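Report on the structure given below.
Position 1 is the first residue of the sequence; numbering continues from there. Quick caveat, the model's predicted, so the values are computed rather than measured.
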Amino acid sequence: MSPTAPGRGGHLVVPVLAVCMVVLLATGWLLSGHLVAGVPPLAVAAGRTAAAFGVIVLIAALTPRGRTGVRTAAARPRTVAVLAFLGFFAYYTGTLLGTRYVGASRVGLIVSLLPCVTFVIGYFAFREPSSRRKVAGTVLAGAGTVGFLLADGTAGGGGGGTGGGTLLTGGTLAFGGTLAYALYGYVYRQRMSDVPALAALPAVTGAATLMLGLTAVVFVPLGAISAADWGGVAVLGAVLTAPVFLISHELILRKGPLFTSALGLAVPFLVRLGEWALGSARAPGPLPVLLIAASAAGVWLTVGAPRRLPATETAESAALLGSTEFPESTGLQQSAERSAACGRPDRPSSAPAEALPPRNHL
């Protein structure tokens, strides 16, 4: 996939890429839910990040621009450390711990609120513009998500997933991780937006691997984890996480951020159906499905509200892919938008904001 020629490859390229991205994201959530049921979430977070780091470093090393950008990013250790903590350590720890308590479908739906969370932070902390449509969308998305957490008592969860205390703990952890990722977007925009996404990610994921790895060594009995479980963690990072970077980048170039964001709205549905198909949850009833649809509609109202593009980038666009669960694609989005602005006539003018670098499941 070459970002230099987004229009090349025929009419089937976009549908194939779109299906691949949605399948990878949904499968990643399901595998995460399976792994954290028997493996300490901190170990899953550390192994997943390390595997993704290896793939990203390899990709960056193949291009001269990538190698130059890696050196630029590495020269900003404080920024790299903050980004690694927010976008990987806090995000993965919170969401994977939350998944162990309340299941992948519930946490996936909470993570899909990332555009709404970013909008709220931008409005109150940075005085970014608002609209009635965005407010209504955020309220609808939040109500739908809370309703789903309460109504879908059969969703999979390592901790049972039905008690009020369990729901509160898991939901709080997942929302905390989502909040951390929203802050990651703002920090990236302010301090790393001049570095190509694939060049910044090696430094950030490398620092995150170090943070998570050291923490796991201290607090997790790593010797008790089987080789099969480590293999699953490696697949989660290298096969289901890292490829989303490239696919989302290409889709943004070809179709724009709103189209790519819309794809992520299908993921919570697929995750819930996947839990049913795998036997970890009963079939969802009409009410849970309706509540997921209401949350997705609210997120779409929030990210799709038309308004005039600002002269400077805002972090809101970093959240456009938040519903995909993988925060790592954030950086790719801004890089792609810059390329698109130079020669892509099909770039949607209704995008909530100039795509911010990283952004960002996944």
Ignoring hydrogens, what is the shortest heavy-atom contact between P40 and R100? Give both atom names and the distance.
CA-NH1, 3.8 Å

Indicate yes or no: does D194 engage R76 in a salt bridge with an N to O separation below 4.0 Å.
yes

Single-linkage hydrophobic cluster L287~V289, side-chain heavy atoms < 4.5 angstrom
yes

hydrophobic_cluster_shared for L24 and V13, side chain cutoff 4.5 Å
yes

Please check if V220 and L96 belong to a single hydrophobic cluster, counting links between Ile, Leu, Val, Met, Phe, Trp and Tyr side chain heavy atoms closer than 4.5 Å.
yes

Just to verify, what does F85 make a ring-ring contact (aromatic ring centres under 6.0 Å, His included) with, not counting sequence neighbours?
F89

Are any non-hydrogen side-chain atoms of W300 and L265 less than 4.5 angstrom apart?
yes

Please collect all side chain to side chain donor-acceptor pair (under 3.5 Å) contacts where either partner lies in residues 220-229, sequence neighbours excluded, each pair once.
S226-D229

Do other residues, nucleotides or ligands put more than 12 heavy atoms under 6.0 Å from W230 CH2?
yes

Main chain of S105, side chain of E275: is a donor-acceptor contact present, judged purely on distance under 3.5 Å?
yes

ring-ring contact (aromatic ring centres under 6.0 Å, His included) filter on F126, not counting sequence neighbours, yields Y186

Shared hydrophobic cluster, V22 / V235 (ILVMFWY, side-chain heavy atoms < 4.5 Å):
yes

Verify same cluster id: F175, F88 (apolar side-chain graph, 4.5 Å):
yes

Looking at every non-hydrogen atom in both residues, tell me the closest pair between A43 and L222 and how far apart they are.
CB-CD2, 4.1 Å

Do S248 and T260 have a side chain donor and acceptor closer than 3.5 Å?
no

